Amino acid sequence: MVIFFIFGFGLWLLLTLTLHWSSVIAGLLASLLTTLIYGGYFTRHPIRFLQPHRWFWLLVYIPYFIWFMIRANLDVAFRVLHPDRPINPGIVKIKTILKTDTAKVFLANSITLTPGTMTCDIDGEYLYIHWIDVRAQDVEGASRIIARPFEKILRRIFE
Amino acid sequence: MIETIGWIIIWIGIAFDILGCLGLIRFPDVYNRLQASTKCVTLGTFGIMIGIFLIHGFTPMGIKALICGLFILLTSPVGAHALMRGSIIFGIKLWKGSVLDRYGKEKLGGERIEDR
């Protein structure tokens, strides 16, 4: 709860970038209200914020993820501009090895922003993915192509 | 120098935005259209924000642009996911060229693909 409050207030200070007293009081009230409503959803292991190796892997993950995003965009651009419109869509199911909810949310978001895949629904350890170019119809093959590149790093950040 | 790089990134972002809109027109069903619009528009808008940050540096405007970019990166896939799940549950069928629909088969009783 306290970390959530500090996080929200820091974000407010960055957004307004002033230390005028009225702005600071408004920020304190707003982050207090947000904390009271949403603080319970935040995290059950606040100690993980202080472990430096998780931040290190997050810093590794960001350029890796942006590289995948640029590839995704070139892929979509190719499919849009190609005269035959080469798409082969379908919904497949994959199995993830991640356990915590936060890690699953980040995996689902990463899948949505990477080449040709988009998360439809999460059901326990299974994810349903809309794939613009289906290359493997079974659960293991699809998981290996879609999820493995992210799971290696996300497991080190969140678990 | 940095200003030039910022302008180049802004123009790349605008190009990706245009490609996303083209995909919205060219793709056949709601799911493929969501794919095109989400990916291209997210990276395009993120690129514009990063370009503004590079041009203005650590001024109030630059920092706001950077934070907006990060918010777009985090929230846009969630919104797209909600739209997609909503249209599946509402019962919109997949395009007739689709290969398989495991979600419909396992959750909704039968694949939901348009008749050929």
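Because the structure is predicted, anything quoted here is derived from the model rather than measured. In what follows, chains carry the letters A, B, and so on, assigned in the order in which the sequence lines appear, proteins first and then strands, with residues in each chain numbered from 1.
Heavy-atom distances place no part of A:I129 under 4.5 Å from chain B, backbone and side chain included. With a 4.5 Å cut-off on non-hydrogen atoms, B:F58 does not touch chain A at all. In this structure, the portion of B:T59 lying under 4.5 Å from any heavy atom of chain A is its backbone and not its side chain. For a residue to count as touching a neighbouring chain, one of its non-hydrogen atoms must lie under 4.5 Å from one of that chain's; by this rule B:L34 touches chain A with backbone and side chain alike. With a 4.5 angstrom heavy-atom cutoff, B:Y31 touches chain A via backbone and side-chain atoms both.
Shown here is A:F106, whose CZ atom has no more than 12 heavy atoms of other residues, nucleotides or ligands within 6.0 Å. Under a cut-off of 6.0 angstrom, the local environment of CG in A:L29 is crowded, with over 12 non-hydrogen atoms contributed by other residues, nucleotides or ligands.
Along residues 18-25 of chain B, the residues that come nearer than 4.5 angstrom to chain A, judged on non-hydrogen atoms, are B:L19, B:L22, B:G23 in order of number. Inspection of non-hydrogen atoms places B:T38, B:K39, B:C40, B:T42, B:L43, B:F46 of residues 38-50 of chain B under 4.5 Å from chain A.
One finds the NE2 atom of A:H130 at 5.0 Å from the CE atom of B:M84 (value rounded to the nearest 0.5 Å). With rounding to the nearest 0.5 angstrom, the CD atom of B:Q35 is 9.0 Å from the CG atom of A:D75. Taken from CE in A:M69 to CG in B:L73, the straight-line distance is 5.0 Å, to the nearest 0.5 Å.
Taking hydrophobic clusters as Ile, Leu, Val, Met, Phe, Trp and Tyr residues chained together by side-chain heavy-atom distances below 4.5 Å, A:I111 does not share a cluster with B:V78. Two different hydrophobic clusters hold A:I66 and B:I10 under the rule that ILVMFWY side chains link at heavy-atom gaps under 4.5 Å. In the hydrophobic clustering of this structure, A:W55 groups with A:W57; members are Ile, Leu, Val, Met, Phe, Trp, Tyr whose side-chain heavy atoms approach within less than 4.5 Å, directly or through other members. One hydrophobic cluster, built from ILVMFWY side chains closer than 4.5 Å, holds both B:L74 and A:L11. Residue A:L32 is not grouped with residue A:I25 when hydrophobic side chains (ILVMFWY) are merged at heavy-atom distances under 4.5 angstrom, including chains of intermediate members.
Taking chain B as the reference chain and counting heavy-atom pairs below 4.5 Å, the highest number among A:T112, A:V105, A:N109 is found for A:N109.
In this view, A:F78 and A:H82 satisfy the ring pair (Phe, Tyr, Trp, His ring centres under 6.0 Å) rule, not counting sequence neighbours. Residues passing the ring pair (Phe, Tyr, Trp, His ring centres under 6.0 Å) test with A:Y64, sequence neighbours excluded: A:F68.
The shortest distance between side-chain heavy atoms of A:L81 and B:R26 does not fall below 4.5 Å.
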